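Here is the structure we will look at.
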Amino acid sequence: MGGYRLRTACSRTLAALLAACVFAAGAQSGAGDVVFVPTPQVVVERMLEMARVSRSDFVIDLGSGDGRVVITAAKKHGARGLGVDLDPGLVERAGKNAEREGVTERAQFFRRNMFETDVSRATVVTMYLLPNLNVRLRPKLLRELKPGARVVSHDYHMDDWLPDASATLKVPEKTVGTRGVSYVYLWIVPANVGGLWQLKITGPEGELSAELAIVQAFQKIDGVLKTGARSRQFSAARLRGERIGFTVTDEGGALRRDFSGRVQRDTMGGEVRVSHDGRESVEHWEAVRLSRPWPFDQRR
Ligand SMILES: C[S@@+](CC[C@H](N)C(=O)[O-])C[C@H]1O[C@@H](n2cnc3c(N)ncnc32)[C@H](O)[C@@H]1O
C-alpha cells in the first residue's frame with residue numbers, strides 16, 4: 001500500500017490542478033463541483049471489469065458526462081443503470097448517445113445533483129470526480145448502498161477507506177489530471193458488524209453460548225470471543241460485503257474454530273470448521289447483535 005499512499009499524495013496535488021488543466025486541454029462543459037472530463041474508454045472498460053458488472057447489475061454513474069460509463073455497462077455487459085449530471089447539455093448528449101447505441105431501455109440520464117441522488121438501488125456506483133468529492137460522498141455511499149455493492153473510482157481515492165483492489169493503466173492519450181496514467185480503485189461496501197453479539201454454536205455435542213465483541217473500520221475487522229471471564233482474540237478476520245470469517249484457537253492451539261458466514265443486519269451465522277486434536281467436524285453458528293458501538297452507526 002506504500003505506492004497507494006504516494007499516489008494518494010500525488011493525486012491530491014494533481015486534483016487541485018485538474019480544473020486548471022482541463023481548461024488548458026480545451027475541455028469543456030460540465031457543471032457543479034467538477035468540470036466534464038471524459039474517462040478514456042479503455043479505463044471505462046477496466047472499471048466495469050474490476051466491478052464484475054453483469055446483466056444482474058444496476059449501475060449509477062455520479063456525474064455522468066456524455067454517458068459513456070452507463071452506456072458501456074448496458075451495451076457490453078447487459079447491465080441496467082442511470083447517470084446523473086448537473087449540466088443539462090451533457091444529460092441531453094448522454095441520452096442521444098444511448099439512443100445511438102440502442103440502449104435507451106437500459107441506460108437513462110437525468111439532470112440531478114449527485115448529492116441528492118438516491119443510490120440505494122445501485123449494485124455498482126462509478127465516479128470520476130475529485131478526492132474531496134469522493135470523501136464527501138463516502139457517508140452517503142456507506143449509508144445507502146447494500147453490503148456487497150461495488151464502488152469504482154477513476155483516479156481518486158476515498159481517504160482512509162482503503163480500496164479492496166486497484167489497478168494502474170498506461171493511457172498515452174490522457175492529458176488531464178494524472179497525464180498518461182489512470183488509476184482505478186474498487187471498494188466493496190462492507191456490512192456493518194461492529195458491536196457486541198450473542199453467539200450460539202450448535203454441534204453434535206450440544207450447544208455452546210458465548211459473546212463476540214467486534215470492532216470495525218470499513219472492511220477491516222477484529223474481535224474477541226468471550227465465554228465468562230475468558231477472551232480469545234480473532235485471527236484471520238475478514239469481511240467482504242456481507243461475507244464474514246474469523247478464526248479462534250483454544251487449548252494452546254489444540255482446538256481451532258474457523259468461522260465463516262453471512263451478515264444480515266443484526267443477525268449473522270454460518271458454518272464453523274472445528275479441528276480438535278486432529279479430529280475435524282463441521283458445526284453451525286448464529287449470532288444476534290446485542291448492541292452497536294457508540295456513537296450509533298446508522299448504516300444498514
Ligand atoms: C470528470 S466528469 C466525469 C464524466 C463521466 N463520469 C466519465 O467518467 O466520463 C464529472 C462530471 O460531473 C458533473 N458534476 C459535477 N458536479 C456534479 C454534481 N454535484 N452533481 C451531478 N453532476 C455533477 C460534471 O458536469 C461532469 O460532467
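As the structure lists them, so they are numbered: ligands from 1, and atoms in each ligand from 1. Every value quoted in this text rests on a predicted model; they were computed, and no experiment measured them.
Between the side chains of Arg289 and Asn192, a donor-acceptor pair is found at a separation under 3.5 Å. Inspection of the Gln233 and Asp222 side chains reveals an N or O donor paired with an N or O acceptor under 3.5 Å. Residues Ser281 and Arg273 bring no donor and acceptor atom of their side chains to less than 3.5 Å of each other.
Put simply, no part of Leu133 is less than 4.0 Å from ligand 1, judged by heavy atoms.
Residue Asp33 has at least one nitrogen or oxygen atom sitting less than 3.5 Å from a nitrogen or oxygen atom of ligand 1, judged on distance alone. For a threshold of 3.5 Å applied to N or O pairs, the pair formed by Pro38 and ligand 1 contains no separation below that value. Considering backbone and side-chain atoms alike, Asp87 places every N or O at 3.5 Å or more from each N or O of ligand 1. Taking distance alone, with nitrogen or oxygen atoms compared against 3.5 Å, Tyr128 stays at or beyond that limit from ligand 1. Between Asp85 and ligand 1, a contact under 3.5 Å exists for at least one N or O pair. No N or O atom of Val69 sits closer than 3.5 Å to an N or O atom of ligand 1.
Of all atoms in ligand 1, listed by their number and element, those nearer than 4.0 Å to a heavy atom of Gly65 are 4 (C), 27 (O).
Residue Leu290 shares its hydrophobic cluster (ILVMFWY side chains chained together at separations under 4.5 Å) with Leu196.
At a heavy-atom cutoff of 4.0 Å, ligand 1 is contacted by the side chain of Arg68 but not by its backbone.
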Counting only pairs under 3.5 Å, give me each side-chain donor-acceptor contact of residues 39-49, with atom names and distances, residues two or more places apart or in other chains.
| from | atom 1 | to | atom 2 | distance (Å) |
| --- | --- | --- | --- | --- |
| Thr39 | OG1 | His154 | ND1 | 3.2 |
| Gln41 | NE2 | Glu45 | OE2 | 3.0 |
| Gln41 | NE2 | Thr72 | OG1 | 3.1 |
| Glu45 | OE1 | Lys76 | NZ | 2.7 |

